[in-house]
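What follows is a set of notes on a single structure, which appears directly below.
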2 protein chains.
Amino acid sequence: MSYKIKFDHFFSYSFSLDCAIFGYKDGKIHVLLIKRAMEPYSGEWAIPGNLVYPDEDLPIAASRILSELTKLTDVELHQGQTFGNPNRHPQGRVITCAYFALVRIDDLVAEADSWAEEVLWAPMHELPSLAFDHKEIVESTYADLRRKLQYEPICFDLLPEKFTLNEMQQLYEYAYNVEMDKANFRKKIKSIPLIHLEEKQKNVKHRPANLFSFDADRYKQLVEEENYLFRM
Amino acid sequence: MSYKIKFDHFFSYSFSLDCAIFGYKDGKIHVLLIKRAMEPYSGEWAIPGNLVYPDEDLPIAASRILSELTKLTDVELHQGQTFGNPNRHPQGRVITCAYFALVRIDDLVAEADSWAEEVLWAPMHELPSLAFDHKEIVESTYADLRRKLQYEPICFDLLPEKFTLNEMQQLYEYAYNVEMDKANFRKKIKSIPLIHLEEKQKNVKHRPANLFSFDADRYKQLVEEENYLFRM
DNA sequence: TATCTTATTGTATATTTTACAAAAAGTATA
DNA sequence: TATACTTTTTGTAAAATATACAATAAGATA
């Protein structure tokens, strides 16, 4: 059966996937929005999403949507909630599964394409209004992200390859909307398998901080060999 | 549009919902299985599930499936992962959303019906093989359940209305497959809003334990007023 | 060289967790 | 009725962890 036949009844009962792409810059967690170039909600902000093809597995669809907009491949995708309110889509019954991805903003060039006239990195604390139920979807995946930040080393997917402990601390401070003690944060971090780089921050007008990077190999080893549990 | 028309293409691209119903007895967390009375996988064990009707929201579909089998209403339903592998259903593309419910086994009478020749409470550590990808679905919702047991007071949905602290401890011991110290467990529990009943265990041939029940009203009040966080 | 700013270390205290001993409240048995 | 037995419940000391905050270090700048 060809895709064409399927598309004929997509808006009577169909399945889509929406992807919240999170990034971190200026001490804030951002989400990537597109200005929709087609109806419904043309001209309004939304997160990228698309119908799932009839023979396509969900993770495949998620990375397709991610790479169409960002050209990124090999990014881990996390499944979020599924939204199925019969009225969530004005043109018919569309159940949608939320995914989210964590990217380094500097690594990518999100460009307007046929789906989007414009793209925008919006700080999570300053979201504009969004098309469909996308506000709810973004908030829900953000809650998932915040939860996972506590017991999986995924903050390193948001931070630059080489980061300072203060940058890491500020990420958690933004996510949980709290202030933390530098000295104590630093002590807690000691238990995480980080590589202390022989390199320092540059172009700052004060004492430069040490740069670290996450030791993913050592992390995997620790998990396997001694049941290591990342915990913040 | 009538349901009939929809059903015509259910097996080309459709959406279902499967529900893992968990209960607790004999110190073990059990899941309710049905022996399927129709193809595919007729005669095999599975969890209850059904297609989602075209105008039906997901939580509604979930409680429909739950109440058809158990006659229970007013049970909180938790959404789990969504499974969309194109080959998961032998008769076509069926994406399914997992839900799980927590029930008190004594409160219900699960009966065989048109969908099921037989029902079975299977301990989570001793699952038989299951139809479709239901093993994966059950394990996934069980992982969700274990996670939620840590920071939401849902163990009380599994325990009897009146329970001893040892029964509660044994539930956690089964869930996390660990042994805990009675004295220390008891101390931790002190911070939870429990009602200490003026009642004791009966028909035991040793010192009877005190019975407690969860103070749901006080819990809600604490959450609102002082940001109380349940934590195990 | 002195000053400014932020990074980094150190230390003492408070809080929480853990291990384990002791006491209490029942039943069963002689 | 006394004694043993089993499980509940309380207590206490040590260990580990978290918190508050002072002190020092390493750069840039003037």
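Just so it is clear, the model here is predicted, and its values are computed rather than measured.
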Hey, is the side chain of A/Lys187 pairing donor to acceptor with the base of C/dT11 inside 3.5 Å? yes

Separation of atom CE in A/Met180 from atom P in D/dA18, rounded to whole Å: 12 Å

With a non-hydrogen cut-off below 4.0 angstrom, is A/Lys200 in contact with a base, only sugar-phosphate, or nothing? sugar-phosphate

Nearest listed nucleotide, side chain of B/Asn166, among C/dC20, D/dG27, D/dT7: D/dT7

Comparing B/Thr164 with A/Pro208, nearest DNA chain D nucleotide closer to 5' gives the residue B/Thr164

Kindly say if A/Arg186 contacts the phosphate of C/dT8, meaning a side-chain N or O under 4.0 Å from OP1 or OP2. yes

Please say whether more than 12 non-hydrogen atoms of neighbouring residues, nucleotides or ligands are located less than 6.0 Å from NZ in A/Lys35. yes

Whole-Å distance, B/Arg207 CZ to D/dT9 C1', equals 5 Å

When you check the phosphate oxygens OP1 and OP2 of D/dT9, does a side-chain N or O of B/Asn210 lie under 4.0 Å from one of them? yes

Does a sphere of radius 6.0 Å around CD in B/Glu126 hold more than 12 heavy atoms from other residues, nucleotides or ligands, not counting ones at 6.0 Å or beyond? yes

Among C/dT18, C/dT8, D/dG11, the nucleotide that comes nearest once only the side chain of A/Ala209 is considered: C/dT8

Of the listed nucleotides D/dT9, D/dT7, D/dA20, the one nearest the side chain of B/His206: D/dT7

Taking for each residue the nucleotide of DNA chain D bearing the nearest heavy atom, is the 5' side occupied by B/Lys205 or by B/Leu211? B/Lys205

Between B/Glu136 and B/Arg88, is there a salt bridge with N-O shorter than 4.0 Å? no

